[in-house]
Structure formats: C-alpha cells, structure tokens
Amino acid sequence: MRTLYLPIPQAPSRLAAWLVAVAVVFAGLPLLAHAENSERGERLAGQLCAACHGVHGHSESPIFPRLSAQTPEYLTAQLKGFRDHARGETDARSYMWAIASQLDDATIASLADYYSHQEPVHGTPGDAALLAKGQDLFEHGAPDRGTPACASCHGDEGQGNGTFPRLAGQHREYLQRQIEVFSNGTRANAPVMTAIAHSLDADEAKAVAAWLESR
Ligand code: HEC
Ligand code: HEC
C-alpha cells in the first residue's frame, strides 16, 4: 500500500515542478526577445541612423528630428509611411524614402523599441512672451476658430500618446516645418493634423513650436 501510495503525491509535485520550470522558461522568452530586439535596434540605430538623428536620437541639427522617447506606435507608423511613400514632403523623400525601403517590419519594430526607450531631450528656453502665447494655444487651442487644444491629443506635457507623437523637446524649426508641410498638403497622409495646421497662422505656429522646444 505504502509503495503504491507514495509515488502518487510525488507525481503531482514533480509535475508541478516541471510546470513551474516550463512556465519560467516561457515567461522569460518575451523578456529575452525584448532584450534581443532592443539590442538589434541599438546596433542598427548606431550604424544607420545616428549620423543624422544623433546618438540616442538626440539630434543636434534642426534638419533632423529628435527620435528619443518618441512613442513606438508613432515611430512605426512613420517608418512604414516613408517605406510606402505615404509621407511625401520633400525632406521625407530626399532623406527617408531610400533608408526606409531597406527596413522590414521586424527591423522597424526593433528601431521603434530602441528609440522609444531613450531619454528625452529637455528644453531649450526662449522668449517668455512667445512661450506664454505658445503654451496658451497648446493647452486651450483657439476655440473661436475651432482649433482644438493640442494637449487633447499630444498629452498635457506634449509627451505623446500612442499614434499621437511626442512634441516636447523637439527642434522648433522641425515642428514649424511640419506645420507648414501639413498645411501645404505635401505631408498628406494625416488629414486631421492637416486641418489643424490650416487653422494656425504663422505667428501661432512659431509660438507653439518655441513652447514645445522649451519643454
Ligand atoms: C541622411 C540623414 C538621415 C538618416 C541616415 C536617417 N534619417 Fe530619419 N529623417 C531624416 C530627416 C531629414 C527627417 C525629417 C524629414 C522631414 O522633415 O520631413 C527624418 C525623419 C525621420 C522620422 C520621422 C520623425 C518624426 O518626428 O516624424 C523617423 C521616425 C526617422 N527619420 C527614423 C530614422 C531611422 C530609424 C533611421 C535609421 C534606420 C533614420 N531615420 C536614418 C534624415 C535621416
Ligand atoms: C485630434 C488630435 C490632434 C490634435 C488636437 C493635434 N494634433 Fe498634432 N498630430 C496628430 C496626429 C495623429 C499626428 C501624427 C500624424 C501622422 O501620423 O503623420 C500629429 C502630428 C503633429 C506634428 C508632427 C510631429 C512630428 O514629429 O513630425 C506636429 C508638429 C503637430 N502634430 C502639432 C500640433 C499642434 C501645434 C497642435 C495644436 C494646435 C496639434 N498638433 C493638435 C493629432 C493631433
């Protein structure tokens, strides 16, 4: 009886131990995959992107947007947009179409993962009156003209959210240029932002871009 009985409680405990071991291995896999993905993204970013976008995406030149702490959803959408020729303003064509044509979906995912985990660049101060005007527009919009508050999509601090990009800490010249290319219809794959850009005059675009760069 004993010899028969003993293995029975042991069997489930061995099974339990085995199940725990399997669970640990499987739980570890996504972490491992994440680490590999991030490493691959880091390597490619250093080899292919840093020359223009800077180390860690902290670009120094306003021609090249900063990529650090950008949302992964937005980065992925933009790289696919360049690859599919959906984002077609002049600088996108000249600089990003050829590079993006070399990137498959897995590579795009690893680059988006890498840049989204880099520290953001924090603010360059500017003229106080200009910043106050930009902040007011960002937080409240221009209700008389139906311009919504930028914060309602881009986040209270301009930190971004999903497919709504981070704008905080971006070069002001780049931000102003994007408002211009939405408005003139050459960055034509974002109809909502195009309508909003149309509703801003040049002084407002300048003010809101300066405020965002200062964050
Ligand atoms: C030769 C310079 C150059 C290289 C190399 C380059 N880029 Fe770009 N990239 C640009 C420029 C210029 C723009 C801005 C285009 C515009 O103003 O329309 C841009 C825009 C982008 C954007 C859009 C950012 C935003 O805020 O909308 C992303 C994302 C991007 N690049 C990712 C990458 C990645 C990832 C790599 C490496 C695989 C890379 N770039 C390599 C020049 C470059
Ligand atoms: C209804 C939501 C919404 C509101 C409100 C909004 N945006 Fe956007 N904005 C977007 C989306 C979505 C994108 C990304 C478009 C794309 O995928 O190409 C974007 C992109 C941008 C970009 C380009 C960023 C880059 O890295 O290239 C700028 C600049 C911008 N918005 C400025 C503003 C400003 C300034 C305001 C307020 C006056 C504003 N947005 C209000 C949804 C919004």
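Numbering of ligands and ligand atoms starts at 1, following listing order.
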Of Gln78, Arg166, Gln118, which meets side-chain contact (heavy atoms from CB on, under 4.5 Å) against Gln70?
Arg166

Check each of Met193, Glu89, Glu139, Gln78 against atom 30 (C) of ligand 2 and report the one with the nearest heavy atom.
Met193

Between Ile179 and Val208, is there a side-chain heavy-atom distance shorter than 4.5 Å?
yes

Could you find the nearest protein heavy atom to atom 38 (C) of ligand 1 and give me its residue, atom name and distance?
Cys49 SG, 2.7 Å

At under 4.0 Å between heavy atoms, which part of Leu167 makes contact with ligand 2: side chain, backbone, both or neither?
side chain

Contact partition for Leu79 relative to ligand 1, non-hydrogen atoms under 4.0 Å
side chain

closest protein heavy atom to atom 29 (C) of ligand 1 is Leu75 CD2, 3.7 Å

Got the closest protein heavy atom to atom 14 (C) of ligand 1, with its distance?
Pro65 CD, 3.5 Å

Salt-bridged, Arg177 to Asp91, with N to O below 4.0 Å?
yes

Under 3.5 Å: N/O of Gln170 near N/O of ligand 2:
no

Checking heavy-atom distances from atom 2 (C) of ligand 1 to each of Ala45, Cys52, Ala98, Ser59, the winner is Cys52

Side chain, backbone, both or neither: which part of Thr90 has a heavy atom under 4.0 Å from ligand 1?
neither

Measuring from atom 23 (C) of ligand 1, which candidate in Gln70, Arg87, Met96 has the nearest non-hydrogen atom?
Arg87

Can you tell me which residue and heavy atom of the protein come closest to atom 40 (N) of ligand 1, and the distance to 0.1 Å?
His53 NE2, 2.8 Å

Only heavy atoms count here, so choose which of Phe182, Tyr74, Trp211, Phe138 is nearest to atom 22 (C) of ligand 2.
Phe182

Under 3.5 Å between any N/O of Tyr174 and any N/O of ligand 2: does that happen in this structure?
yes

What I want to know is whether His154 and ligand 2 share at least one N or O pair that is separated by under 3.5 angstrom.
yes

Taking both backbone and side chain into account, is any N, O or S atom of Cys153 nearer than 2.8 Å to atom 8 (Fe) of ligand 2?
no

